Amino acid sequence: MPELPEVEVVRAGLAPAVTGATILGADVLDSRALTRHVGDPASFEAAVTGRRVISAARRGKFLWLPLVEGRVDGRVDGRADDGGAGGAGEEEAIVAHLGMSGQLLLRSPGAAAERHERIRLHIAHPDHGELAVVFADQRTFGSLAVDRLVATGDGAPGGRGTDAAATPSQVAHIARDPLDPAFSDTGFRARLARTSSAIKRVLLDQTVVSGIGNIYADESLWAARIHPETAADSLSTRAVNRLLDEVRIVLERALAEGGTSFDAQYVNVNGQAGYFAHSLRAYGRTGEPCLRCGRPIVRVSFTNRSSHYCAHCQRRPR
DNA sequence: GGAATAACCTGGATGC
DNA sequence: TGCATCCAGGTTATTC
């Protein structure tokens, strides 16, 4: 399930291959992969063909490739082109969300179709030559779209991988993630103080803090010794700070290990799985001993999801 | 307006 | 062996 570390691994793998590349064409094999795109497959293909990618950016679980006009031979036509990352030339981007099972893969030109392949971008890079960027998605919760860029509200860069203070419009409502230098700890604490919702629900709310999904919410709460159903506004400042620290530690560790892979649902751009599944301490360990106290990890149903925690270390609030 | 819930989707696992 | 059901969960529309 691609969460922040998995999406960041994909972004980092994609960036050197797509930055500066020109899109030669696109094949939309399944229009369901365009649920966030305004227009039909033909309009998507027309919107990306002939344009140049200037970076690979990410906020939370959203990934985008800012576009400028540009041809294979480097000649620029039509709209403004600032010739580099960031600046006034950025008006649109290909925005991607991997959903539950989406993958962005780099393949050689003419490579056989991937299982569940939905969209293929044909690109030409000045150094790497021609490549294919394949969007494959088993459960079709993910999507690509061409979207306009809008200025960030705080004037800071839109996300990791870009210096431009802009995000796609459909990402504008997504909060910054805890690894973003512009993330406001103060704002996060204030937001928690205003809601009595369960802390896990708040962690999963991408408008409060982005990039955290079910796996890393369980892992962070276990590490911070906080019960997932604790009311957010009942947490002390000290507890919130501890939680933020643990969220960052968990995300950084997962990132260093290449993300969490279950049944090859998530892979990097080369099709390789991450290793963090071996380091999980709560998620998916139902019945196994807690690594702190030895008591069994329990699993409960929580808002159509599963929550995994230690009932001894993470005491249920009164 | 904020909070909670259902729906979307596919394929592997499980039970009969 | 084959069929039916359950489960996984990110986002968003709908309902309360």
Side-chain angles (χ1 to χ4, degrees), chain A residues 1-8 10-11 29-38 58-64 95-104 113-119 135-145 147 167-175 177 190-221 228-234 251 254 259-267 273-274 276-277 280 282-287 297-309:
Chain A
M1 324 312 167
E3 301 179 32
L4 185 154
E6 293 77 35
V7 181
E8 175 56 24
V10 170
R11 186 205 67 78
L29 309 176
D30 189 334
S31 61
R32 290 176 300 177
L34 291 177
T35 52
R36 289 181 176 83
H37 177 74
V38 179
R58 177 195 59 76
R59 175 183 289 200
K61 304 168 191 173
F62 282 86
L63 185 69
W64 68 93
V95 57
H97 194 287
L98 302 181
M100 287 284 293
S101 53
Q103 302 173 342
L104 279 167
E114 297 290 327
R115 196 178 182 198
H116 309 303
E117 181 169 331
R118 311 295 182 191
I119 295 174
F135 177 67
D137 188 12
Q138 178 198 101
R139 297 179 192 173
T140 66
F141 275 26
S143 67
L144 300 187
D147 191 17
T167 67
S169 69
Q170 53 191 261
V171 181
H173 69 292
I174 299 296
D177 61 67
R191 183 67 179 80
L192 261 57
R194 291 199 304 270
T195 178
S196 59
S197 289
I199 184 61
K200 178 165 177 179
R201 187 188 297 277
V202 179
L203 287 178
L204 295 175
D205 185 342
Q206 304 298 299
T207 66
V208 177
V209 55
S210 68
I212 302 171
N214 205 40
I215 296 173
Y216 298 117
D218 281 359
E219 290 299 302
S220 302
L221 289 167
E229 293 176 38
T230 306
D233 60 0
S234 73
L251 294 177
T260 305
S261 298
F262 294 118
D263 303 327
Q265 283 295 314
Y266 153 74
V267 293
F276 194 69
L280 295 174
Y283 183 88
R285 296 190 66 243
T286 309
I297 296 289
V298 297
R299 171 186 171 276
V300 298
S301 180
F302 179 81
T303 64
N304 291 332
R305 302 286 180 266
S306 293
S307 267
H308 307 77
Y309 64 95

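Sequence lines set the chain letters: A, B, ... in the order given, protein chains first and strands last, and positions in each chain run from 1. What you see is a predicted model, and the numbers here were worked out from it, not measured in a lab. Hydrogens, waters and symmetry mates are skipped; everything else that's a heavy atom, side chains included, is used.
Among the nucleotides C/dG10, B/dA4, B/dG11, the one closest to any side-chain atom of A/L204 is C/dG10. Among the nucleotides B/dC9, C/dC7, C/dT12, the one closest to the side chain of A/R36 is C/dT12.
For A/R201 against B/dA4, no side-chain N or O and base N or O form a donor-acceptor pair under 3.5 Å. With hydrogens and angles ignored, no donor-acceptor pair closer than 3.5 Å exists between the side chain of A/R139 and the base of C/dT11.
The only member of A/L63, A/D147, A/L144 that meets side-chain contact (heavy atoms from CB on, under 4.5 Å) when paired with A/V95 is A/D147. Each of A/L221, A/V300, A/I297, A/D218 was checked for a side-chain contact (heavy atoms from CB on, under 4.5 Å) with A/Y309, and the lone residue meeting it is A/V300.
Between the P atom of C/dG10 and the CD atom of A/Q170 lies a distance of 18 Å, rounded to the nearest Å. When the P atom of B/dT5 is taken as reference, atom CG of A/D205 falls 15 Å away, rounded to whole Å. Rounded to whole Å, the distance from CZ on A/R32 to P on B/dC8 is 13 Å. Atom pair A/K200:NZ and C/dG10:P shows a separation of 9 Å (rounding to whole Å applied). Nucleotide B/dC8 holds its C1' atom 11 Å from the CZ atom of A/R305, rounded to whole Å. Whole-Å rounding puts the A/I215 CD1 to C/dG10 C1' distance at 12 Å. Here B/dT10 presents its C1' atom at 9 Å from CG of A/D137, a figure rounded to the nearest Å. Put simply, CE on A/M100 is 14 Å from P on B/dG12, counting in whole angstrom units.
Although no hydrogens or angles enter the test, the distance criterion places no donor-acceptor pair under 3.5 Å between the side chain of A/D30 and the main chain of A/R118. Counting only distance, with no hydrogens or angles, the side chain of A/D177 and the backbone of A/G211 share no donor-acceptor pair below 3.5 Å. The main-chain N or O of A/Y283 is found under 3.5 Å from a side-chain atom of A/E219 such that the two form a donor-acceptor pair.
Residue contacts shown for A/T195 are limited to sugar-phosphate atoms, with no base heavy atom under 4.0 Å away.
Using a 4.0 Å cut-off, some side-chain N or O of A/S197 falls inside it from OP1 or OP2 of B/dA4. Between A/T140 and B/dC8 there is no side-chain polar atom (N or O) within less than 4.0 angstrom of OP1 or OP2. Contact annotation: A/H116 does not reach the phosphate of B/dC9 (side-chain N/O to OP1 or OP2, under 4.0 Å). OP1 or OP2 of C/dT11 has at least one side-chain nitrogen or oxygen of A/Q206 nearer than 4.0 Å. For A/R299, a side-chain nitrogen or oxygen approaches OP1 or OP2 of C/dA8 to under 4.0 Å. A sub-4.0 Å separation between OP1 or OP2 of C/dT11 and a side-chain N or O of A/H173 is absent.
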